[in-house]
Amino acid sequence: MPSWQDELAQVVAAMRDLSREKDPFVASQVYSERVRNGLVPADEYLGLSRRGLEFPQFRITRYTGWKESVNPWKDTARLPLLSGGLLADLLYADEPTVIEDLPARLAADDPARPYVEGIEMLVTLPNYDDGVALNMGILLLKDKRKLPLERVPMMVWQSNLFGRSTLNLVLRQQVKDAYDTLDRELAVVGEIQRSLLPARLPETPNAQWAVHYQTSQRAGGDYYDFFPLADQRLGIFLADVSGHGTPAAVMMAVTHAIAHTYCGPPAPPGEVLSHVNRVLAKHYTKGDTAGTFVTAFYAVFDPRQRTLTYANAGHPQPRWRRPDKICGLSCESGLPLGVDPGELYPESQTQLSPGDSVILYTDGITEAMNADGQLLGAARLDQALAPSADPQSTVKNIMESVWSFTGGSPLTDDRTLVVMEVT
């Protein structure tokens, strides 16, 4: 018998090797080799599994006598499928077993005979999963004197600990594969979503534009759009779907499709919002008790008159920066889209002047939170608007203010800005 110092050194070496392995198949090979050639005086090792099977069937998952090892997680079909005999009884018994006179216990036609020829002693190490020995390791010894039986309890314990760690490796790989697949799909969703947004800023007389669009995940629920209208007018649409991620992105795409299928030029803001609301409520949200809805603001800018006509569906009040003050754009707000199919959206109109700016945004801006749980709010947004600047600089000032306020913490909501400066 090795000294405790030698055995400790072997255990440490085995644990070091195992800590480097991420593949459960390779880890199992390393473990069985270490156990058989140093930690446990076994001549051969046999692995069994009953996962997905019923008595008396079982699979041989590992055998040190094979010239080629088979990966039981990837090549299950290549594993020998046996039925009945001593090994089936041992596996389905759900208990550790020591057999010191194996030849006397083995029937002549037992399917296990090719694996145990010349073996005197057998020790089973059941690996439990949900209280059942779905897998089992079997130590095979040609001379029973090589294994003190007082070591068997600790070997069962060690075998199960390794079994759990192997299961964790399998689950980790499965989670990683699933996450990678999901991430690739979300990336595609995000690309599709961004393809629905305007490819360029509008070129409108008497106005300059800038936008900022940032999702908190691969895809999000914010949406902005521009609609060229007759007489050089321009429709400006900003929306925010409740929720985050892929479900919100899907509803964003639906909202985009409905807005673009409005019969006739999308000019009267109140009618446009009413149309989108009716279709959403009738075919998509259907009075969803989970609270699926879309806040939206739609405006039409007339560059000749420098007027802004608009309607609001539960969306944050746009900010109006004038040379002498900053205030909210006065308007009456209706319910968010998709809540009540009969909701009407009254229109308002504001006369703008050269030098005025209108800032449309989603609540991911004003509801950005700092470490103390405080929200940015409209007052701090107005502070970022105080320095009169061109649209691009205004977007830059706002986003730097949000970043500073939140301490650069990760986004928890989508953030969208549309800035118009009247010239």
Side-chain angles (χ1 to χ4, degrees), residues 1-4 6-11 13-14 18 27-51 53 55-70 72 78-128 132-163 166:
M1 290 293 294
S3 67
W4 70 267
D6 291 339
E7 187 169 359
L8 178 61
Q10 292 174 350
V11 169
L18 287 172
S28 295
Q29 289 181 308
V30 171
Y31 177 77
S32 61
E33 194 70 18
R34 282 285 188 179
V35 168
R36 191 169 64 92
N37 294 332
L39 297 176
V40 176
D43 295 294
E44 299 290 353
Y45 178 85
L46 194 62
L48 310 181
S49 176
R50 58 190 265 200
R51 191 178 296 275
L53 302 173
F55 183 82
Q57 289 189 319
F58 64 96
R59 285 189 174 90
I60 306 293
T61 58
R62 187 179 305 280
Y63 177 50
T64 50
W66 287 340
K67 294 182 179 180
E68 177 191 0
S69 296
V70 178
R78 296 181 59 196
L79 299 174
L81 179 63
L82 306 183
S83 181
L86 178 62
L87 295 185
D89 293 337
L90 295 175
L91 177 59
Y92 282 89
D94 286 334
E95 295 289 344
T97 304
V98 176
I99 298 177
E100 300 184 71
D101 56 344
L102 183 60
R105 296 281 300 275
L106 202 65
D109 60 348
D110 195 298
R113 183 168 288 279
Y115 300 95
V116 297
E117 288 290 350
I119 299 300
E120 180 181 19
M121 181 178 183
L122 172 155
V123 179
T124 69
L125 308 174
N127 290 333
Y128 297 104
V132 178
L134 295 183
N135 299 285
M136 177 175 284
I138 301 181
L139 303 177
L140 304 174
L141 296 92
K142 296 178 180 180
D143 185 351
K144 64 182 180 181
R145 293 171 297 179
K146 293 169 59 177
L147 178 62
L149 295 181
E150 58 266 22
R151 298 188 62 185
V152 172
M154 184 60 69
M155 290 163 53
V156 173
W157 189 5
Q158 292 170 339
S159 178
N160 276 270
L161 290 176
F162 176 73
T166 304

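Throughout, numbering of the chain's residues begins at 1 and tracks the sequence.
- Considering only residues two or more places apart in sequence or on other chains, Y128 meets the ring pair (Phe, Tyr, Trp, His ring centres under 6.0 Å) condition with none of them.
- Among residue pairs with one or both ends in residues 110-126, those qualifying as salt bridge (charged side-chain N to carboxylate O under 4.0 Å, His left out) are R113-E117; sequence neighbours excluded.
- Side-chain atoms of I138 and V116, non-hydrogen and from C-beta on, never get closer than 4.5 Å to each other.
- Atom CG of L46 is separated from atom CD1 of I119 by 10.0 Å, given to the nearest 0.5 angstrom.
- With sequence neighbours excluded, the residues satisfying side chain to side chain contact (heavy atoms under 4.5 Å, CB included) with P111 are L82.
- When the side chain to side chain contact (heavy atoms under 4.5 Å, CB included) test is applied to P56, the partners found at least two apart in sequence or on another chain are S83, A88.
- Checked by atom type and distance alone, the side chain of T64 pairs as donor or acceptor with a backbone atom of Y45 at under 3.5 Å.
- Among residue pairs with one or both ends in residues 81-112, those qualifying as ring pair (Phe, Tyr, Trp, His ring centres under 6.0 Å) are F55-Y92; sequence neighbours excluded.
- We find the CG-CD distance between L139 and E44 to be 11.0 Å, quoted to the nearest 0.5 Å.
- Looking at residues two or more places apart in sequence or on another chain, you find a salt bridge (charged side-chain N to carboxylate O under 4.0 Å, His left out) between R51 and D129.
- At least one side-chain heavy atom of M155 sits under 4.5 Å from a side-chain heavy atom of L147.
- Sorted by first and then second residue, the side-chain hydrogen bond (donor to acceptor under 3.5 Å, both in side chains) pairs involving residues 133-143 (not counting sequence neighbours) are S49-N135, D143-R145.
- L86 is listed as a side-chain neighbour of L102, based on a closest heavy-atom distance under 4.5 Å.
- Scanning for side chain to side chain donor-acceptor pair (under 3.5 Å) contacts around S69 gives Q29, with sequence neighbours left out.
- The list of ring pair (Phe, Tyr, Trp, His ring centres under 6.0 Å) pairs with a residue in residues 100-122, not counting sequence neighbours, reads Y63-Y115.
- Side chains of L90 and I99 form a contact here, defined as non-hydrogen atoms less than 4.5 Å apart.
- When side chains are defined from C-beta on, L48 counts as touching I60, because their heavy atoms get closer than 4.5 Å.
- Within the structure, salt bridge (charged side-chain N to carboxylate O under 4.0 Å, His left out) contacts touching residues 80-101 (residues at least two apart or in different chains) are R50-D94.
- In terms of the side chain to side chain donor-acceptor pair (under 3.5 Å) criterion, residue partners of R78 (sequence neighbours excluded) are, by chain and number, E68.
- The heavy-atom pair separating L134 from L91 by the smallest distance is O-CD1, 4.4 Å.
- Counted within 6.0 Å of CH2 on W66, heavy atoms from surrounding residues, nucleotides or ligands total more than 12; the atom is thus considered enclosed.
- Smallest separation of non-hydrogen atoms from V156 and T124: CG2-O, 4.5 Å.
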